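Every number for a ligand or one of its atoms is a count from 1 in the order of the listing. Note that the structure is predicted; figures quoted are calculated from it, not measured.
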Amino acid sequence: MKPEKYSLGLIGYPLEHSLSPRLHYAALAAMNVQGEYRLYTVPPFPGGAVALEYLIRDLRQDNIHGLNVTIPHKQNVIRFLDKFNPAASMIGAVNTIYLQAGYLQGENTDAPGFLADLAQVVDKNSVSGQRREAIVLGAGGSARAVVYALLEDGWQVIVAARRLTQAKELINRYRSTDLSDRLSATKLGKDELEKVASRIDLVVNTTPVGMWPHIDESPWPREMPLPSGAVVYDLIYNPPNTALLQAAQTDGLVVRNGLGMLIEQAALALERWTDVPVPRQPMWEAVPEFVNE
Ligand code: NAP
């Protein structure tokens with residue numbers, strides 16, 4: 001039975017700049033669904049372990065109907081959950097939890113959220129046929145979701161990280177799958193990028209480089225041109241137009257910031273919790289200052 005009023009929220013630390021409440025309240029109002037979306041500030045482990053356990057207990061008892069999870073708990077919550085969808089299992093991180101038929105289900109909506117938003121700027125048929133090759137800058141948590149999404153969508157993927165070992169660790173997760181032959185790792189450096197740049201159709205920044213307040217920084221070496229004709233997607237949305245996206249625009253490339261991914265992952269989570277279609281437009285209208293125009 002559906003609750004009269006949904007009790008939803010976000011677990012993370014720190015949370016004071018989170019846009020999630022604005023997005024979820026805008027959507028709930030447009031859906032005409034009663035609900036609250038609270039911020040649960042849970043310190044990193046080990047300090048936050050007890051608070052996290054209490055929140056999980058509230059989910060099991062149906063006092064809370066759905067939770068999003070962000071840094072630093074996307075992996076910490078896994079030990080408390082019963083079931084995972086394939087994306088969460090392969091990525092090894094959960095951002096959406098809810099009780100389903102008595103089991104605590106963990107999902108990752110970052111991956112499908114990224115893909116749904118990428119589709120706004122990448123027309124499958126227009127990107128050079130068979131050879132759709134992407135380079136993912138960074139190899140942390142969000143890179144794992146992006147790499148999974150791109151592989152699922154049929155891309156060849158190069159993971160470029162400043163620590164080659166981290167990029168290799170990421171691609172090794174796929175070693176025993178049939179996706180591994182579409183994956184490679186390289187160092188995030190000028191010499192290495194020069195070797196692959198001519199093949200690249202899509203650049204995705206998953207590093208925090210360029211985030212406010214360090215807005216003049218770019219993960220792509222300054223003296224190096226971006227791959228010609230590529231789409232450039234930056235997961236950062238604050239500032240809405242990062243130095244990387246500005247450079248890409250100057251080169252005439254198609255760009256997209258991470259606001260659409262944030263909105264899509266939120267909308268997908270809300271759809272899981274309520275089983276009601278979520279309109280995206282009110283969510284975009286709730287955060288106009290982060291739209292890159
Ligand atoms: P993370 O797990 O800490 O990973 C960050 C990655 O960037 C790591 O590979 C890290 O390498 C690398 N990196 C950090 N500083 C760097 C530098 N100066 N030069 C080169 N590489 C550097 O973080 P995350 O969770 O993936 O988040 C990364 C960014 O994505 C953040 O800006 C976050 O806000 C954004 N994000 C956006 C969305 C969205 O919905 N739009 C969703 C998730 C994340 P080291 O390990 O060597 O530091």
Visitor: Using links of under 4.5 Å between side-chain heavy atoms of ILVMFWY residues, direct or through other members, which residues join Leu59 in one cluster?
Guide: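 Reading the cluster by chain and number, Leu59 sits alongside Ile11, Tyr40, Val42, Phe45, Leu52, Leu55, Ile56, Ile64, Leu67, Val69, Val77, Ile78, Phe80, Leu81, Phe84, Val94, Ile97, Leu99, Leu104.
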Visitor: Using a 4.0 Å cut-off on heavy atoms, what residues surround ligand 1? Order them by chain and number.
Guide: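 Within the 4.0 Å shell of ligand 1, which is judged on heavy atoms, sit Ile71, Gly138, Ala139, Gly140, Gly141, Ser142, Arg162, Arg163, Gln166, Thr206, Thr207, Pro208, Val209, Met211, Leu235, Ile236, Tyr237, Gly258, Met261, Leu262.
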Visitor: What orientation do Tyr37 and Trp273 show, parallel under 30°, tilted 30 to 60°, or perpendicular over 60°?
Guide: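 If you compare the ring of Tyr37 with that of Trp273, the planes turn out tilted.
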Visitor: Could you verify whether a donor N or O on one side chain and an acceptor N or O on the other, from Asn241 and Gln249, lie under 3.5 Å apart?
Guide: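 Yes - a donor-acceptor pair under 3.5 Å links their side chains.
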Visitor: Got a sec, which residues hit side-chain hydrogen bond (donor to acceptor under 3.5 Å, both in side chains) with Tyr98, two or more places apart in sequence or on another chain?
Guide: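 Partners of Tyr98 by the side-chain hydrogen bond (donor to acceptor under 3.5 Å, both in side chains) criterion, ordered by chain and then number, come out as Glu107.
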Visitor: Taking the six-membered ring for Trp, are Phe114 and Tyr233 ring centroids under 6.0 Å apart?
Guide: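 Yes, ring centres under 6.0 Å apart.
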Visitor: Taking only residues at least two apart or on different chains, which pairs with a member in residues 238-251 satisfy salt bridge (Lys or Arg N to Asp or Glu O under 4.0 Å)?
Guide: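 Passing the test, one end in residues 238-251: no pairs.
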